[in-house]
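Heads up: the structure comes next, in structure tokens.
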Amino acid sequence: MMPASLDLNALFAPRSVAVVGASPKPSVGRYIIDTLRSFGFPGAIYPVNPGYEAVDEFPCYPDLSSLPTAPDVVAFCVSPERTLAGFRQLPGAGARAAVIFGGGFGEAGDWGRDAQAEIVGLSREAGIALCGPNCMGVISPHARSATYLQVGSKREELAGNVGLISQSGSICISMLSDVSRFGFSLVASTGNEAVVSAADVLDYMVGHKETEVIATFTETIAAPERYVAALERARAAGKPVVVLKVGKTQRTREAITTHTGGIAGDERVFSAVLRAHGAVEVDEFDELIEFLAACQGRPWPKGRRMSVVTSSGGAAELMLDVAEKAGLELPALPTADFEEARRVIGDFAGDGNPLDAWGNGNFRENMPHALKVAGRVGNTESVILCYDNDDDAPMGRIEDYLARVDILETARDTSEKPYYQLTLRPGLRISAQIPRLRALGIPPLFGVRQGLGAIDRLARWGEPVAEARPNATPVELKGIAISGRMSVNEYDSKRLMARLGLRVTKEHLATDLASAKAAAEEIGYPVVLKAVSDTILHKSDQGLVIVGLSSPDRLAEGWRLLEARLGALGTEGAGADIMVQEMVVDGIEVFAGVAYHEGFGHALAFGLGGVELELHRDFALRMLPLRQGDAEAMIGEIRGAARFEAFRGRPAYDTESLAACLYALSDLIASAGEAIREIDLNPIKVLPKGQGCAIVDALILPKESEGGNA
Ligand code: ADP
Ligand code: MG
């Protein structure tokens, strides 16, 4: 484990920097010294290179052991071999942090892996906060420090409130290429994360004064527990964390293994983890950028409903379509406000949101009026002015576009809501507007989908967290062992489900045909026969489920068939019991599954059974424990949710009891999750409203199974 005392201050706000491989000639070491100088770095700069007496005005040292004071951070700009040799001197030199830019370590061959292992060992022993290898390094504009691969000169322009963590260096390059709308408080390109992980940096940024929003570009999560804990701390500190994760398709996943030497986790689980811990997930790079831009506005939106003002009916329709698809909320103007808008603007099409402010064409009056009305209406929490123009546009007068900033400012000053300016598509801008809008806290956003989406994400982030559910009463495990078995068979698993207050099929183990008949008599025909065994996980695959036995004769036939099939299985079959089970004819087949994910905890999946699951992968996912409302939301969000509703005289289905079933699984994990790796209720049959649901098949896999840790 990493020592808890790892101090990232030495990395991000060093008092002294040693640059191994510095030289007067153009080189990475040269650039680092140039950047430090132009940033006005207040501490000591120590070039290290046996080949030179000095680099500019700085005396050059032959090696790390001859520095006049201990360096806070050491930047390695040399080959992997010389890096390793230099690293061995770090503990003796008293260094507290290091950056290794170059690759050729954990992501490369055997030598690289061994070298990285040695470097990690040295770092942990001496408490050295190592960034990299295989990274761009770090920048701290506010602390006037940078140990970063690219040369930098415009520190003031760079400085801002966004903390950036990226495993990929090229993403850093891309993000730092435009600081017109937001700047950076800290930048960390973490590379292989051999010692300092994204979780460590995230945690540091939560406590970093100038960082107000955190952006992470993530390929793999190296330290899931600490990552999740840092997300929680960020949420408590009121700092949004926006996450763009790659590795969603198999192709990029393979790219990751060779790129940073890690393995991507399951994408859906990661999304559920982010959601559970209040992070903002984006799917695309442009969404990430617009989110950060939207965060520059003041105040942040207090709700998701938006008022949009446009200057054309066509733009209004386009936006409505985008909003509809993205599930954004653009409520119609209330009648009184609609009339008030029309009084000045004249007639316009639609319901007033988006509000087409063209009207009678007197734009100088109409636009301020529209923005004022939008700022006042009671059913929205933000106002967006949307139009396109560009520095190089052949039409229109630049003065008119600059005047819109004043119009926006005036409107904003009479409203409690945040205001935004939006272009219909990305790639257009009136450059002179941008710094003025930024200073006013009125973010210029680019593109309807990305821009409105960003405002919506920020508003969602600000919503209160759903309540935790009351503590579950621990389930009584007595008589049903979980640990140490290969699996807990259907019969035992269902006894456990019954103890949670859930309805399971009526069923009895039978030792011979006579007792099977007696059981069927008691249960009522039709019945089902199944094999019961800890070692047979998928019964029907081996023909060990026989459904629809409607009479004693059919039962006898089924019994003989099942016995024959078990016989053919040899010892495995001989060890199995046979169960007579109630046949649940009606209802919709759904499934609920729990799986444990190392570092993240248990996740619960729910969806329709059969084709929906196999072909469409239509399921909802949440981390456990569920919060109030989660189960109902899961049932409502699957694509096939309409199946549960009343339709042409057919009654609605009992989703209430289904929700209770999902909550019960959450409660079971809360009390016995230590022992459980997976639960599979498949199928559960959901019956018409008022009749509940019945668990037809159940299987539990222990964390510690017979053959050791599974
Ligand atoms: P497996 O171990 O193969 O998952 P199941 O017990 O789930 O075995 O049975 C396979 C299928 O047979 C179920 O998905 C369901 O469609 C049907 N089935 C099993 N038991 C019953 C039952 N008691 N009532 C109705 N259908 C059942
Ligand atoms: Mg099953």
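Counting starts at 1 for both ligands and their atoms, in listed order. It should be emphasised that the depicted structure is a prediction, and the values quoted were computed from it without experimental measurement. Keep in mind that the numbers below use all heavy atoms, side chains included, and drop hydrogens, waters and symmetry copies.
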Can you tell me the protein heavy atom closest to atom 16 (O) of ligand 1 and the distance? Glu589 OE2, 2.7 Å

Examine Gln581 against ligand 1 and note whether any of their N/O atoms are separated by less than 3.5 Å. yes

N, O or S atom of Asp697 closer to the Mg ion (ligand 2) than 2.8 Å: yes

For Tyr653, is the NZ or CZ atom of Lys689 found under 6.0 angstrom from the centre of its six-membered ring and inside 45 degrees of the ring axis? no

Counting non-hydrogen protein atoms only, what is the nearest one to atom 21 (C) of ligand 1? Give residue, atom name and distance. Val696 CG1, 3.1 Å

Sub-4.0 Å atoms of ligand 1 with respect to non-hydrogen atoms of Met583: 23 (N), 24 (N)

Below 30° counts as parallel, above 60° as perpendicular, anything between as tilted: where do the rings of Phe619 and Phe591 land? perpendicular

Among non-hydrogen protein atoms, atom 4 (O) of ligand 1 lies closest to Asp697 OD2, 3.0 Å

Protein heavy atom at shortest distance from atom 25 (C) of ligand 1: Val584 O, 3.3 Å

Who gets closest to atom 6 (O) of ligand 1 by heavy atom: His538, Lys506, Lys530? Lys530

Can any side-chain N or O of Lys539 pair as donor or acceptor with the backbone N or O of Leu544 at less than 3.5 Å? no

Taking the side chain from Ser487 and the backbone from Ile700, do they hold a donor-acceptor pair closer than 3.5 Å? no

I need the nearest protein heavy-atom contact for atom 11 (C) of ligand 1: residue, atom name and distance, please. Val545 CG1, 4.8 Å

Around atom 10 (C) of ligand 1, find the nearest protein heavy atom and jot down its residue, atom name and distance. Ser540 OG, 3.9 Å

For Leu626, does its backbone N or O pair with a side-chain atom of Ser666 as donor and acceptor, under 3.5 Å? yes

Atom 13 (C) of ligand 1: nearest protein contact (heavy atom, Å): Pro683 CD, 3.7 Å

Do the charged groups of Glu521 and Lys517 touch, with an N to O distance under 4.0 Å? no

Numbering as shown, the atoms of ligand 1 that approach Asn682 to under 4.0 Å (heavy-atom distance): 7 (O)

Considering heavy atoms of the protein only, find what lies nearest to atom 17 (C) of ligand 1 and give residue, atom and distance to 0.1 Å. Val547 CG1, 4.1 Å

Has Arg495 got its NZ or CZ under 6.0 Å from the middle of the six-membered ring of Tyr491, at an angle within 45 degrees of the ring axis? yes

Measuring to the Mg ion (ligand 2), does Ser540 have an N/O/S atom at a distance below 2.8 Å? no

For the backbone of Lys478 and the side chain of Glu476, can you confirm whether one donor and one acceptor N or O come within less than 3.5 Å of each other? yes

Check the pair Leu621 / Arg275 against side-chain contact (heavy atoms from CB on, under 4.5 Å), numbers first and verdict last. CA-CA 10 Å; Leu621 193 73; Arg275 173 186 197 138; over 6 Å; no

